[in-house]
Visitor: 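Dropping a structure here in structure tokens format, bear with me for questions.
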Amino acid sequence: MEFENYILQYQNQFNVFAQEYGMKKVRTIKSIVEKSKHTQSLLNQSLNNMILPTTKDFGSCIMSNLRLSLSSTDKIRFATILLVDIWHNKVNTIIGLADDEKLVELLNSIKIKIN
């Protein structure tokens with residue numbers, strides 16, 4: 001499966017955030033998301049039940065983390081986008097729940113719904 005449009009959109013959003021907040025903030029948020037028990041739970045549930053998480057699922061996972069829930073909207077949105085990418089790389093590339101179009105739709109939905 002090709003994911004060209006998703007990768008381009010993800011990289012664009014990643015770069016915009018990194019330019020505004022710096023790579024130190026990117027690394028901090030990424031570390032929090034990757035180490036979160038909520039992230040691991042979402043990944044395991046999606047993989048074991050073969051369920052595509054919704055924008056709300058990804059957002060709820062991020063908001064369940066106290067350190068992130070107290071962050072600005074931009075940081076919450078970015079953390080959610082990172083979570084989608086982690087999910088894509090660890091679950092979606094293995095079991096193929098979402099194609100390129102669906103992934104782009106998820107990223108667009110995050111931009112709209114998390115504000």
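Every heavy atom of this structure was used, including side-chain atoms; hydrogens, water molecules and symmetry mates were not.
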Visitor: Quick one: CG on Asp85 to NZ on Lys90, what's the gap to the nearest 0.5 Å?
Guide: 11.0 Å
Visitor: For atom NZ of Lys111, is the number of surrounding heavy atoms from other residues, nucleotides or ligands below 6.0 Å larger than 12?
Guide: yes
Visitor: Quick check: is Met63 connected to Leu66 through a chain of hydrophobic side chains (ILVMFWY, heavy atoms under 4.5 Å apart)?
Guide: no
Visitor: Where do Val33 and Thr39 come nearest, in terms of heavy atoms and distance?
Guide: O-OG1, 2.7 Å
Visitor: Hey, is the main chain of Leu8 close enough, under 3.5 Å, to the side chain of Asn12 for a donor-acceptor pair?
Guide: no
Visitor: Nearest 0.5 Å please: distance from the CG atom of Asn89 over to the CG atom of Leu43.
Guide: 10.5 Å
Visitor: Looking only at atom types and distance, does a side-chain atom of Ser31 sit under 3.5 Å from a main-chain N or O of Arg27, one as donor and one as acceptor?
Guide: no
Visitor: Give the minimum heavy-atom separation between Asn92 and Leu97, together with the two atoms involved.
Guide: OD1-N, 2.8 Å
Visitor: Would you please say whether a donor-acceptor pair under 3.5 Å links the side chains of Glu105 and Ser109?
Guide: no
Visitor: With sequence neighbours excluded, give me every ring pair (Phe, Tyr, Trp, His ring centres under 6.0 Å) pair touching residues 82-115.
Guide: Phe3-His88, Tyr6-His88, Phe58-Trp87
Visitor: For Ile62 and Leu68, which heavy atoms make the closest approach, and how far apart are they?
Guide: O-CB, 3.8 Å
Visitor: Using the rule that two of Ile, Leu, Val, Met, Phe, Trp, Tyr join whenever any of their side-chain heavy atoms come within less than 4.5 Å, decide whether Val16 and Ile110 are in one cluster.
Guide: no
Visitor: What pairs meet the side-chain hydrogen bond (donor to acceptor under 3.5 Å, both in side chains) rule with one or both residues in residues 58-69, with sequence neighbours excluded?
Guide: none
Visitor: Just how far is it from atom CD of Glu34 to atom CG of Leu83, taken to the nearest 0.5 Å?
Guide: 10.5 Å
Visitor: Answer yes or no: is there a donor N or O on one side and an acceptor on the other, between the side chain of Ser46 and the main chain of Ile51, under 3.5 Å?
Guide: yes
Visitor: Same cluster or not: are Ile29 and Leu70 linked, directly or through other Ile, Leu, Val, Met, Phe, Trp or Tyr residues, by side-chain heavy atoms under 4.5 angstrom apart?
Guide: no
Visitor: What pair of heavy atoms forms the shortest contact from Thr54 to Asp57, and how long is it?
Guide: N-OD2, 2.8 Å
Visitor: Strictly distance-based, threshold 3.5 Å: is any side-chain N or O of Asp100 a donor or acceptor partner for the main-chain N or O of Asn5?
Guide: yes
Visitor: Near Glu101 CD, under 6.0 Å, is it more than 12 heavy atoms from other residues, nucleotides or ligands?
Guide: no
Visitor: Nearest heavy-atom pair of Pro53 and Leu106: which atoms, and what distance?
Guide: O-CD2, 4.1 Å
Visitor: At what distance, to the nearest 0.5 angstrom, does OG of Ser71 lie from NZ of Lys25?
Guide: 7.0 Å
Visitor: Indicate if Phe17 and Met23 have the same hydrophobic cluster label, given that clusters are the connected sets of ILVMFWY residues with side-chain heavy-atom separations under 4.5 angstrom.
Guide: yes
Visitor: Salt-bridge test for Asp74 and Arg77: reply yes if a basic N is under 4.0 Å from a carboxylate O, no otherwise.
Guide: yes
Visitor: Could you measure the distance from the CG atom of Leu82 to the OH atom of Tyr10? Nearest 0.5 Å is fine.
Guide: 4.5 Å
Visitor: At what distance, to the nearest 0.5 angstrom, does CG of Leu52 lie from CG of Asp99?
Guide: 9.5 Å
Visitor: Are the side chain of Thr80 and the backbone N or O of Ile76 linked by a donor-acceptor pair below 3.5 Å?
Guide: yes
